[in-house]
Amino acid sequence: MSKSHDEEHTQKAFGWAARDNSGILSPFHFTRRVNGDEDITIKILYCGICHADLHVTRDEFGSGVFPVVPGHEIVGVVTQVGSNVEKFKIGDKVGVGNLVGSCRACENCQQELEPYCPKAETTYTMFDFGTGKKNYGGYSDFYVVNEHFVVRFPENLPLDAGAPLLCAGITIYSPMKYYGLDKSGMHLGVVGLGGLGHVAVKFAKALGMKVTVISTSPSKEKEAIDRLGADSFLVSKDSDQMKSAVGTMDGIIDTVSAPHPFAPLIDLLKTHGKLVVVGGSVKPVELPIFPLLMGRKLVGGSAAGGLKETQEMIDFAGKHNIVADIELISMDYVNTAMDRLAKGDIRYRFVIDIANTLNVN
Ligand code: NAP
Ligand code: ZN
């Protein structure tokens, strides 16, 4: 007979949790499972704040999974290894993204597409699947995880600014690879210059692509071009600017976190162009059909990436010195950070300095 949650989770842990849809986070004591034979234990050093954390803590997905300890951009150091662990040793610098479990046997798992496994388990519980199982995320002191779901962190990358790659990085890298939007000389549009969008610009430039940022914020134009290296910038609400770029893009990665019209984006695509949506807006959008037919265009989606690809992504980032532009914050600043993220007042990712500021009490 399998053990109950409490029998299995006997280690005391500490983090910050939201208890209701106010989204307000506060100190929270909970338990984690003991380190199993294939597990490693990670002392968390840094954790990025993904917009998904805001969606879930404010219950914008309507899943009501409280209490929720968010955090799936985890970087830390290995403090314990199980007897069957092969990849890691104590002291290694490692990362965990938004996946910590899958069946490891289905067609998706066999193709190293773990996010699409029907039994995929997210690092913190985002939806209630009625299993009674609950995961708590990285706004906490340590994490126990099967080694399969852990990546090795490149030596040369800073741990704090590298943390957002574990979700933001793989979420844009995986669709760029899968949809073939990764070829030098191609023209890529990036919609929404936030946490995901700004790393999309960096990866696309490292791949030798031409990049146009499509944004609602004219104030981001100068830094998009001067600092992030984008080639051009379109203000999505300026119809003249949008018209000037009709039919010019091979693909678009759409990272927007709220409902917005697809029609003007589809118009920007060349024949055979692809609009790939990764933003997590829950409301359905209207899809114009004729603009798709008249150009054999495609609209697709993508969720994070498999573990093999996540390692490939972070190694690529290490080789090309790609990290996020971050604002490093203390744990007790998290509620202000969430309010600022909701308003788009961040360039471009908050990262929590867990090791130095999570005061266990
Ligand atoms: P973020 O930092 O808040 O960036 C989102 C950007 O979207 C904003 O900076 C803004 O850019 C634009 N935007 C926001 N509201 C908008 C609106 N109403 N209309 C048009 N544009 C708007 O968020 P993030 O962390 O990058 O995450 C983006 C989305 O991806 C979230 O929904 C998140 O849940 C989702 N996500 C999905 C996956 C996945 O596996 N598919 C993984 C991680 C995150 P501008 O100012 O440039 O317009
Ligand atoms: Zn995320």
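Remember, it's 1-based here, ligands and their atoms both numbered in the order they're listed. Just so you know, residue 1 is the first one in the sequence shown, and it goes up from there. Values below: every heavy atom of this structure, side chains too, minus hydrogens, waters and symmetry copies.
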**Message:** As a quick check of understanding, evaluate ring-ring contact (aromatic ring centres under 6.0 Å, His included) for Phe30 and Tyr136, giving each step before the final call.
**Reply:** CA-CA 9 Å; Phe30 61 102; Tyr136 294 111; 4.8 Å; yes
**Message:** The test is ring-ring contact (aromatic ring centres under 6.0 Å, His included); show your working for Phe14 and Phe28 and say whether it passes.
**Reply:** CA-CA 6 Å; Phe14 177 75; Phe28 178 62; 8.8 Å; no
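Within the listing of ligand 1, atoms 9 (O), 11 (O), 45 (P), 46 (O), 47 (O) sit less than 4.0 angstrom from a heavy atom of Lys220. Atoms of ligand 1 found under 4.0 Å from any heavy atom of Ala258, numbered from 1 in the order shown, are 17 (C), 18 (N). Close approach of ligand 1 to Ser217 (heavy-atom distance below 4.0 Å) involves ligand atoms 45 (P), 46 (O). Taking a cut-off of under 4.0 Å to the non-hydrogen atoms of Gly280, the atoms of ligand 1 that pass are 29 (C), 30 (O), 31 (C), 32 (O), 35 (C). Heavy-atom proximity to Gly195, at under 4.0 Å, picks out these atoms of ligand 1: 1 (P), 2 (O), 4 (O), 26 (O). Contact atoms of ligand 1 toward Ala52: 33 (C), 34 (O) (distance under 4.0 Å to a heavy atom of the residue). Which parts of ligand 1 touch Ser215 is read off a 4.0 Å heavy-atom cut-off, strictly below it: atoms 45 (P), 46 (O), 47 (O), 48 (O).
Each of His198, Glu327, Glu73 was compared with Arg349 under the side chain to side chain donor-acceptor pair (under 3.5 Å) criterion, and only Glu73 meets it. Considering Lys210, His187, Lys205 in turn, Lys205 is the only one that fulfils the side chain to side chain donor-acceptor pair (under 3.5 Å) rule with Asp231.
Of the protein's non-hydrogen atoms, the one nearest atom 12 (C) of ligand 1 is Gly192 CA, 3.9 Å. Scanning the protein heavy atoms around atom 31 (C) of ligand 1, the nearest turns out to be His55 NE2, 3.5 Å. In terms of protein heavy atoms, atom 40 (O) of ligand 1 is closest to Ala304 N, 2.9 Å. The protein heavy-atom contact nearest to atom 11 (O) of ligand 1 is Leu193 N, 3.2 Å. In this structure, atom 25 (O) of ligand 1 lies nearest to the protein heavy atom Arg349 NH1, 2.5 Å. Closest protein heavy atom to atom 38 (C) of ligand 1: Thr171 CG2, 3.5 Å. In terms of protein heavy-atom proximity, atom 36 (N) of ligand 1 is nearest to Val278 O, 3.7 Å. For atom 19 (N) of ligand 1, the closest non-hydrogen atom on the protein side is Val256 CG1, 4.0 Å.
None of the N, O or S atoms belonging to His51 lies under 2.8 Å away from the Zn ion (ligand 2).
Under a 4.0 Å heavy-atom criterion, Cys167 is in contact with ligand 1.
Contacts between Ser302 and ligand 1, counted as non-hydrogen atom pairs separated by less than 4.0 Å, involve the backbone only.
Side-chain polar atoms of His260 and Asp254 form a donor-acceptor pair below 3.5 angstrom.
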